[in-house]
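In the text below, chain A, chain B and the rest are named by the order of the sequence lines, each starting its count at 1. Keep in mind that the numbers below use all heavy atoms, side chains included, and drop hydrogens, waters and symmetry copies.
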Number of protein chains: 2
Amino acid sequence: MPKERGGAKRLPETAITRLSIYRRALERLAAGHTYVSSARLSAITGFTAAQIRRDLAHFGQFGVPGTGYEVRALQMQLSRILGAGRSWRVALVGVGSLGSALLAYRAFQEQGFRVVAAFDNDLVKVGKRWEGIEIEHASRISGLCRELGVEIGVVTVPARAAQEAVSSLVAGGVKAILNFAPHRVEVPEGVRLRSVDLSVEMEALAFHLLHDPPVPRR
Amino acid sequence: MPKERGGAKRLPETAITRLSIYRRALERLAAGHTYVSSARLSAITGFTAAQIRRDLAHFGQFGVPGTGYEVRALQMQLSRILGAGRSWRVALVGVGSLGSALLAYRAFQEQGFRVVAAFDNDLVKVGKRWEGIEIEHASRISGLCRELGVEIGVVTVPARAAQEAVSSLVAGGVKAILNFAPHRVEVPEGVRLRSVDLSVEMEALAFHLLHDPPVPRR
DNA sequence: TAGATTGTTAATCGATTAACAATC
DNA sequence: TAGATTGTTAATCGATTAACAATC
C-alpha cells in the first residue's frame with residue numbers, strides 16, 4: 001500500500017488541529033490587516049513560523065515571498081479546507097450534565113455544528129425538550145441518525161454505555177464521533193473517532209505536580 | 001543543559017496519559033485477575049504490548065518474566081505515580097454551562113479532584129451557591145487560591161477572558177491548569193498547562209469528513 | 001535594486017515498534 | 001526442563017526544525 005497519495009506529502013495528523021487554530025487567528029486578523037507573515041502568525045499562535053509555512057504549503061502556494069499571506073484569501077482557503085461555513089448535522093448521545101452543557105454551548109451552533117438530535121437511556125428524560133430539541137430514547141439512535149443524515153456524533157454517556165452508543169451511531173451511518181466517555185471504544189475503518197477524557201487530563205496534571213522539579217526563582 | 005535526568009531515559013510526554021489509562025484498566029482487572037500480561041493490557045487498552053512494557057519499565061521492574069505483572073501491585077504503583085488516592089484542591093474559573101457541568105461531574109470528586117472554589121465575573125452569579133460551593137468574584141482568584149492552597153485550576157471562561165483568568169491563577173500559586181477556553185494562553189515556566197478545545201476537536205472531525213476517502217465495503 | 005519572506009530540502013529530534021537475550 | 005513473558009537494544013517511523021535558494 002502506498003504511503004503517499006497524489007504527489008504531495010501527507011499532512012501530519014497533528015497538523016489538522018493547527019489548521020483550525022490558524023483559521024481562528026486569521027478571523028481576528030482580518031479586521032485590521034491585509035497581509036500576515038508566518039512570523040506574525042507564529043507570535044499569535046505559538047507554533048513556529050517554519051511549521052506554519054509547512055502546514056500551509058500542503059494545500060498549495062498561498063503565500064507571496066517577501067510579503068506574506070493575504071489574510072482574507074488564506075482565511076477563505078482554510079475555511080474551505082476545514083468545512084467551516086458549512087453546517088454539520090450533529091447528534092448528542094447522553095444528556096447528562098456534560099451533554100446538556102454542550103447542547104447549550106453557543107460556540108458550537110455558531111460554528112455550524114447544529115445539534116439535530118439528542119438521545120438518552122433515561123426514560124425520565126426521554127420526551128422532554130432541551131434547548132429546543134426533543135430527547136429521544138437511545139434505542140432510536142441508528143434509525144433517526146440515518147433518517148436525519150447525522151454526520152457527527154457526540155457521546156457523553158457513562159463509561160459502561162460508551163461502546164453501545166458509538167456502535168449505534170456507526171450503525172446509523174455516522175462517520176465522525178467525538179467521545180467524552182472515560183472508556184475506550186472501537187470503531188470500524190472509515191469512521192473517525194476523537195476522544196476527550198477529562199479524568200485523564202486531570203490525572204496528567206497531577207502527575208506533573210508530583211514529578212516536575214520546582215522552578216527556582218530568578 | 002543535559003537531556004536526561006538521573007540514569008533512566010525521560011518518560012515521553014505522550015506516555016503520561018497512557019499511564020492513567022493503564023491504571024483505569026487495572027482497577028477493573030483487579031476484581032478477577034492476579035496477574036496480567038502486556039499482551040492482555042494491550043487487548044484492553046489498544047496500545048501495543050511493546051509500548052506498555054516500555055512505559056512501565058520507566059518506573060522500575062514491575063513485571064515477572066514468564067508471568068506478567070501482578071495486578072494489585074502494579075495498580076498501587078501507578079496510583080502512587082499519578083497521585084491517585086490523594087485529594088487535590090481544584091479551583092473552577094467560569095461558572096457557565098460547561099463550568100457548571102464540571103462542578104457537577106461526579107467522576108471528578110470520586111477521583112480525588114475536590115473543587116474548593118468557584119469564580120465568575122458575572123455579579124448575578126457571585127454569591128450564589130452551586131453544588132455546595134459559593135461562587136466568588138473573579139477579582140478574588142489569586143487571593144483565595146493562595147489562602148486555600150489550590151493546586152489545580154480549571155478555566156471555562158470565554159476566549160477573551162482566558163488569559164486573565166490563567167494569570168490570576170498563576171498569581172495565586174496554582175501550578176497546573178486545564179484550559180477549556182478556545183484561546184491560546186501563556187503560562188510562565190514551572191506551570192503546567194493543558195488545553196481542551198472543543199471547537200477545534202469538532203473542526204478536526206469535519207476535516208476528515210471532507211477529506212478522507214470513503215472506505216469501500218468488503 | 002535591496003529587503004523581506006516564502007516553499008522546500010536536508011538535518012534533527014522524539015517516539016514507536018520489532019526483535020530477542022534474560023528470566024521466571 | 002519447556003513455555004511464556006519481561007526489559008531493553010537497535011531499527012523504524014513520523015513530525016519538527018533549521019537553513020537557504022527562489023521569489024516578490
Side chain Arg54(B) and base dT9(D) donor-acceptor under 3.5 Å: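 Such a pair exists between side chain and base.
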Heavy-atom side-chain proximity of Val115(A) to Arg89(A) below 4.5 angstrom: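 No, their side chains stay 4.5 Å or more apart.
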Leu98(A) side chain near Leu98(B) side chain, heavy-atom distance below 4.5 Å: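 Sidechains of Leu98(B) and Leu98(A): in contact.
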[N], OP1 or OP2 - any side-chain N/O from [X] closer than 4.0 Å?
X        : N       : result
Gln51(A) : dT16(D) : yes
Tyr69(A) : dA4(C)  : no
Gln61(A) : dT8(C)  : yes
Thr67(A) : dA4(C)  : no

Rounded to the nearest angstrom, tell me the gap between atom [atom1] in [X] and atom [atom2] in [N].
X        : N       : atom1 : atom2 : answer
Asp55(B) : dT6(D)  : CG    : C1'   : 14 Å
Ile16(B) : dT16(C) : CD1   : C1'   : 16 Å
Ile52(B) : dA18(C) : CD1   : P     : 14 Å
Leu56(B) : dG7(D)  : CG    : P     : 8 Å
Phe59(A) : dT8(C)  : CZ    : P     : 14 Å
Leu11(B) : dA15(C) : CG    : P     : 9 Å

Shortest side-chain distance from Pro65(A), nucleotide among dT6(C), dT5(D), dT16(C):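 Of the candidates, dT6(C) comes closest.
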Arg54(A)-Gln51(A) side chain donor-acceptor pair, cut-off 3.5 Å: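 Distance-only check fails for Arg54(A) and Gln51(A).
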Between Ser167(A) and Gln163(A), a side-chain donor and acceptor under 3.5 Å: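 Yes, side-chain donor-acceptor contact under 3.5 Å.
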Residue closer to the 5' end of DNA chain C, Val64(B) versus Gly60(A) (nearest nucleotide):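 Counting from the 5' end, the first nearest nucleotide belongs to Gly60(A).
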Intra- and interstrand pairs of DNA chain D - dot-bracket, Watson-Crick/G-U under 3.5 Å, | marks other strand: ..||||||||||||||||||||||
Exercise: identify the closest heavy-atom pair between Val150(A) and Val116(A):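 Smallest interatomic distance, heavy atoms only, reads CG2-CG2, 3.8 Å.
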Near-strand residues of residues 29-49 of chain B, defined as heavy-atom separation under 4.0 angstrom from DNA chain C: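 Going residue by residue through residues 29-49 of chain B, the ones with a heavy atom under 4.0 Å of DNA chain C turn out to be Thr48(B).
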Arg192(A) with Glu13(A): basic N within carboxylate O range, under 4.0 Å: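 Salt bridge: yes.
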5' precedence on DNA chain D between Ala50(A) and Glu13(A) (nearest-nucleotide basis):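 Result of the comparison: Glu13(A).
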Of Arg53(A) and Ala15(A), the one whose closest DNA chain D nucleotide lies more 5':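 Its nucleotide being nearer the 5' end, the pick is Ala15(A).
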Heavy-atom neighbours of Arg40(A) CZ exceed 12 at 6.0 Å: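 Open: at most 12 neighbouring heavy atoms sit under 6.0 Å from CZ of Arg40(A).
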Neighbour count >12 (heavy atoms, 6.0 Å) for atom CD, Glu131(B):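 Above 12, so yes.
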Donor-acceptor contact below 3.5 Å, side chain Asp55(B) vs main chain Ala15(B):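 The answer is no, because no donor-acceptor pair under 3.5 Å joins these two groups.
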Heavy-atom donor-acceptor pair, Ser38(B) side chain to Ile52(B) backbone, under 3.5 Å: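 Not a single qualifying donor-acceptor pair exists.
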